[in-house]
Amino acid sequence: MKSSFRAPSNIALVKYWGKYGVQLPSNPSISFTLDACATETSLELQDSPGISVALDGVDTPSFVPKVAQFVERIAERHPWITRYGLRVETHNTFPHSSGIASSASGMSALALCVVDLAVRLGHELPDPRQEASVLARLGSGSACRSVYGGLVVWGETPSVAGSSQEFGLRYPGEVHEVFRTYRDTVALVDVGQKAVSSTAGHQLMEAHPFRTQRFAQAHDHLAALKPILAAGDLDAFIELVELEALTLHGLMMSSRPSYILMRPHTLQIIEAIRTFRRESGVPISFTLDAGANVHILYPDSHEQTALAFVKEQVKPWCKDGRTIADRVGQGPVSLQ
Ligand code: PMV
C-alpha cells in the first residue's frame with residue numbers, strides 16, 4: 001500500500017518561537033501557506049521491517065533517524081504503523097541548497113500519507129485532516145500549519161475560536177480579497193546550513209528574559225490582526241508583520257547565548273524595501289523566518305512593480321542573484 005502527497009511550506013506572520021512538552025507552542029502563530037515551495041512524498045508500507053528514505057531518487061540514510069523519530073512519536077496514536085516496514089520517497093520542489101527549511105512541507109506531506117493509509121486500512125478518524133495536522137506537529141511544530149491552504153492558526157488564543165495547541169486551524173475569521181492572492185518572493189541570501197537550529201532557538205526561549213512579554217505580545221498580535229485581515233488594511237498589516245519578523249530576530253539577539261541569523265545582505269534588502277515603500281507608496285513589505293533569507297510580501301495587483309524592484313534592488317544582494325517566486329496557496333494535494 002502506498003500513499004503520495006504534495007504539501008507546501010508556510011511563512012508565519014505572527015511567529016511561533018518557544019515550545020514545551022511534545023511540540024506544543026508557547027505562543028499562538030498564524031501563517032500563509034505557500035504554493036511553489038513544496039515537498040512531494042510517497043510512503044509505502046512494506047512487509048519486511050525497517051525504514052528507508054530516498055531523496056530525489058537517491059537513497060539517503062541520513063534522513064532515516066528523522067523519520068524513525070517521527071514514527072516513534074506518532075506510534076501512540078497509530079500503533080499499526082510499527083507493524084510495517086516503511087519506504088519513503090521524497091522530493092522538494094525548491095532547490096536543496098536554498099536555505100528554505102523543508103521540515104514544514106516534508107513533515108506535513110508525510111503526515112498526510114500516514115493518515116491516508118490509516119483511513120484506507122479501516123481506522124476510524126473523525127477528522128482526518130486535523131489528525132494529519134496533529135501528526136505533522138509531532139514531526140516539526142510549524143508543519144501542522146501546512147496541512148491547509150490560505151491562513152492557518154496554531155496555538156490556543158482567545159481571539160480565534162477553535163484554535164488549539166494540538167493542531168493547525170484554517171483561520172476562521174473574515175479575510176479580505178487582497179490577502180487571498182498575496183505574493184511572497186523569497187530572496188535567497190544565505191543558502192548554507194544555519195549556525196543555530198530552530199530547535200536550539202526554541203530551547204533558548206525557556207530561560208529568555210523577555211519570554212513572558214513576548215508570549216503575551218503574540219496573543220495581542222493575533223487579536224490585532226483580526227480587523228486588519230478583514231478590512232485589507234495594508235498599512236497596519238505591514239507594520240505588524242515587520243515588527244513580528246524583527247522581534248523574532250531580536251529574541252535571538254537577546255538570548256543567552258546571543259546569536260544573529262541575519263546577514264549583512266539581509267539588512268541591505270530590508271533597507272531597500274523600506275526605502276522603496278516610503279518613496280513609491282507601493283505596499284511591499286518583508287518577513288523573515290529563522291534564517292537570513294527575506295520573504296518579500298506584496299499584493300498581486302503590485303506584482304509588476306514589485307518584480308521590477310526585486311530585479312533592480314534585491315537580486316544584487318542575493319546569493320548568485322537567486323529568488324523564488326511564491327504566493328499564498330491552496331494547501332496540500334493527493335498525488336495518487
Ligand atoms: O517548526 P520549527 O521548529 O522549524 O520552528 C519554526 C519557527 C519559525 O519559522 C521561526 C516561526 C514559525 O512560526 O514558523
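Just so you know, ligand 1 is whichever comes first in the structure, and atom 1 is the first atom listed for that ligand. Since the model is a prediction, treat every value here as computed from it, not as a measurement.
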Trainee: Centres of the F237 and Y182 rings: under 6.0 Å?
Mentor: yes
Trainee: Using a strict 4.0 Å threshold on nitrogen-to-oxygen distance, state whether R277 and D235 make a salt bridge.
Mentor: no
Trainee: Quick one: do R327 and E303 make a salt bridge, cutoff under 4.0 Å?
Mentor: no
Trainee: Is it the case that one hydrophobic cluster holds both M252 and L246, taking links as side-chain heavy atoms less than 4.5 Å apart, direct or via other members?
Mentor: no
Trainee: Quiz question: by atom type and distance under 3.5 Å, do the side chains of T41 and T90 form a donor-acceptor pair?
Mentor: yes
Trainee: Find out if a path of hydrophobic residues (ILVMFWY) with successive side-chain heavy-atom gaps under 4.5 Å connects L55 to L43.
Mentor: yes
Trainee: Taking non-hydrogen atoms within less than 4.0 Å of ligand 1, which protein residues qualify?
Mentor: A12, K15, Y16, W17, S140, G141, S142, R145, S198, H202, L248, A290
